[in-house]
Amino acid sequence: MKYYLTTPIYYVNDSPHIGHAYTTIAADVLSRFKRLCGDDVYFLTGTDEHGAKICAAALSAGVEPAQFCDRISQEFRRAWKSLSVTNDYFVRTTDERHEKAVAKFLLKLYESGAVKKGKYEGLYCVGCEKFLAEDDLVDGCCPDHKQKPKIHSEENWFFQLSDYQQKLIDIISDPNTGSLRILPAERRNEILGKLRANKLENVSISRSALDWGIRLPFDKTQTAYVWVDALLNYVTAIGYGDDEKAFAGYWPCDLHLMAKDILWFHTVIWPAMLMAAGLPLPKTVFAHGFFTIDGQKMSKTLGNVIKPQDLIDKFGVDASRYLVLSLFPFGSDGDISWQALTDKYNTDLANNLGNLVSRTLTMVEKYFGGTIPERKPSDAFLSVTGPLLDIRILYKDLAFSEILSNIQKAVDLANRHIESTSPWKMAKENNPELSDVLHDLIHAIGHIAFQILPFMPALAQSVWECIGETGRIEESALGYFSRKMVYAPKTGQKVKKPAALFPRIQG
Ligand code: MSP
């Protein structure tokens with residue numbers, strides 16, 4: 001089955017930070033999981049490069065916008081590579097293919113009468129790249145950017161969003177006719193509440209005073225509003241207006257993933273644009289929470305921005321991926337801190353998982369000369385890890401932190417099994433059941449390696465090799481999640497003791 005999922009395309013006015021990494025790692029974990037289920041995954045991310053905000057950032061860096069975009073876009077690409085992110089494509093809104101396809105899409109809207117000329121005057125926040133209403137302001141400022149919005153008045157083109165109000169309510173509220181699912185449910189209710197309470201206003205889709213954007217094909221004096229340009233990345237990247245066959249193969253999108261800050265654009269403006277163009281709607285839009293650092297919003301002025309490389313330097317790639325998704329439930333807001341990340345690393349990874357692998361392999365070496373002992377009479381490893389929950393259900397809800405705590409539970413139980421059976425005593429007493437205990441522990445470790453694989457791919461591979469396996473773990477795990485979740489230890493195979501998997505880290 002095909003599975004097309006996207007992250008937002010990130011603005012290049014800023015270098016990548018842990019907030020962008022959070023969404024991108026989550027999308028990567030899901031992509032890896034889906035691939036292991038045998039799906040034909042297309043995972044898209046990229047950069048959003050037009051508009052006033054980027055122009056201003058380039059100006060203050062003293063370079064041309066195009067050059068500035070090249071530089072920061074490259075930083076995003078590198079960050080994702082260094083975090084083992086396996087996106088299938090990286091789209092840039094300055095790509096020629098994207099620009100041409102956006103022009104085609106807008107022409108279609110214009111020709112169908114969905115776009116009309118009008119005059120607009122309002123309060124515009126450059127940080128948000130949108131008009132704000134008086135009651136959005138706090139002390140006269142944009143609540144997110146703490147800046148006074150500028151009064152902006154111009155004649156430009158408007159998308160007739162108000163024509164879609166009832167249709168949007170219908171498709172979002174009715175789970176049967178409604179092809180657009182918004183998750184989590186609270187977010188869906190929020191959007192529906194807003195749609196029911198206020199009359200939708202038409203949205204301006206062009207700017208006359210901004211050159212750094214895509215020219216409207218039907219009015220060359222204007223450029224496309226950056227949000228309209230940006231949302232279209234989801235269709236242009238897979239061939240809209242260029243390779244219709246490829247496009248039809250992946251559209252509609254299975255999942256748009258993002259934080260709640262940009263949910264309105266994705267669940268109101270975007271579906272309406274698609275309806276106007278006669279295209280099918282995305283199936284699911286999931287908005288995760290926003291997080292703060294030590295209780296505060298991340299900002300350059302506060303100096304608390306965490307960059308992906310800072311995380312990698314401290315914890316390594318795989319542990320960084322694990323940690324960001326483990327601290328709080330994916331749909332909720334949360335707070336993170338270096339201390340919380342370090343504590344979680346030491347508890348879950350150094351003490352629990354690292355210890356299980358290292359103790360087990362040491363004992364296999366010591367008591368069985370490093371070969372996996374036989375198990376007699378029957379296979380009973382589940383007594384070690386407890387029942388393995390069907391984590392596919394948790395993946396369906398994108399419940400990443402629950403998946404991880406579930407894996408930790410299994411690791412914890414396996415460690416307790418070591419304590420309660422005391423293999424060192426069994427060895428002293430020549431107890432023949434010692435081989436069963438160690439076989440079962442290897443069995444548990446193999447399962448845990450499969451389960452942790454989408455989160456920690458390199459770690460899973462090295463654990464795999466430690467328990468005597470050869471070849472890529474992905475190949476053996478293919479189908480693991482979609483079939484019966486089976487793994488069998490290779491009796492008689494040599495194990496390999498790893499260097500410390502997770503050395504303890506000082507706070
Ligand atoms: N360019 C637009 C998106 C266009 S999509 C068609 C944009 N870019 S952004 O660079 O500001 O990225 C916003 C996204 O970054 C959020 O939706 C979320 O995915 C991620 N996050 C940024 N900061 C974050 C937190 N502090 N917490 C959680 N997610 C964060 O908006």
Side-chain angles (χ1 to χ4, degrees), residues 5-28 30 44-54 57 69 72-73 75-76 79-80 85 90-94 98 102 105 125-130 142 144-145 187 213-214 224-238 253 255-271 273-274 282 285-300 302 304-308 311 324-325 327-337 398 400-401:
L5 84 162
T6 69
T7 70
I9 49 170
Y10 304 110
Y11 285 129
V12 291
N13 63 314
D14 230 345
S15 295
H17 56 61
I18 186 175
H20 307 124
Y22 186 63
T23 318
T24 314
I25 292 171
D28 187 60
L30 192 62
L44 176 70
T45 187
T47 41
D48 189 354
E49 308 186 8
H50 289 129
K53 180 154 69 175
I54 312 297
C69 291
I72 312 284
S73 179
E75 285 185 24
F76 275 93
W80 303 153
V85 169
F90 188 99
V91 65
R92 298 180 58 183
T93 53
T94 50
H98 171 81
V102 168
F105 187 97
C125 171
V126 176
C128 300
E129 292 279 21
K130 69 174 186 187
C142 161
D144 287 339
H145 295 93
R187 301 273 169 249
I214 300 173
Y225 171 39
V226 59
W227 262 103
V228 168
D229 168 357
L231 287 163
L232 284 166
N233 91 86
Y234 300 132
V235 293
T236 66
I238 52 166
C253 183
L255 175 68
H256 287 314
L257 191 60
M258 71 207 64
K260 58 183 186 175
D261 55 338
I262 54 177
L263 189 60
W264 181 258
F265 286 101
H266 284 82
T267 54
V268 176
I269 297 177
W270 179 225
M273 281 167 62
L274 289 165
V285 177
F286 188 106
H288 61 70
F290 230 68
F291 57 76
T292 45
I293 312 250
D294 287 309
Q296 285 177 305
K297 226 184 132 160
M298 207 175 0
S299 88
K300 274 193 197 153
L302 288 174
N304 63 353
V305 176
I306 298 180
K307 298 205 167 137
L311 285 173
V324 293
L325 292 178
L327 284 182
F328 54 88
F330 194 58
S332 323
D333 291 339
D335 187 50
I336 62 173
S337 64
L398 307 196
F400 299 111
S401 66

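In what follows, residues are counted from 1 in the order of the sequence shown. What you see is a predicted model, and the numbers here were worked out from it, not measured in a lab. All ligand and atom numbering here is 1-based and tracks the order in the structure.
Ring centroid separation for the pair His288 and Phe400 does not come in under the 6.0 Å cut-off. For Phe290 and Tyr22, the ring centers are positioned 6.0 Å apart or more.
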Could you go through ligand 1 and list every pair where one of its N or O atoms sits under 3.5 Å from a protein N or O, giving the atom names and the distance to one decimal?
unit_1	atom_1	unit_2	atom_2	d
ligand 1	1 (N)	Ile9	O	2.9
ligand 1	1 (N)	Asp48	OD2	2.7
ligand 1	10 (O)	Tyr11	N	3.1
ligand 1	10 (O)	His20	NE2	3.4
ligand 1	17 (O)	Ala259	N	3.0
ligand 1	17 (O)	Asp261	OD1	2.8
ligand 1	19 (O)	Thr23	OG1	2.6
ligand 1	19 (O)	Ala259	N	3.4
ligand 1	26 (N)	Phe291	O	3.1
ligand 1	27 (N)	Phe291	N	3.1

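The distance from the OG1 atom of Thr24 to the OH atom of Tyr10 is 3.0 Å, given to the nearest 0.5 Å. Rounded to the nearest 0.5 angstrom, Phe105 CZ and Leu274 CG are separated by 5.5 Å. Taking CZ from Phe90 and CG from Leu44, the interatomic distance works out to 9.5 Å, rounded to the nearest 0.5 Å.
Legend: salt bridge (charged side-chain N to carboxylate O under 4.0 Å, His left out) pairs involving residues 256-267, not counting sequence neighbours, sorted by first then second residue: Lys260-Asp333.
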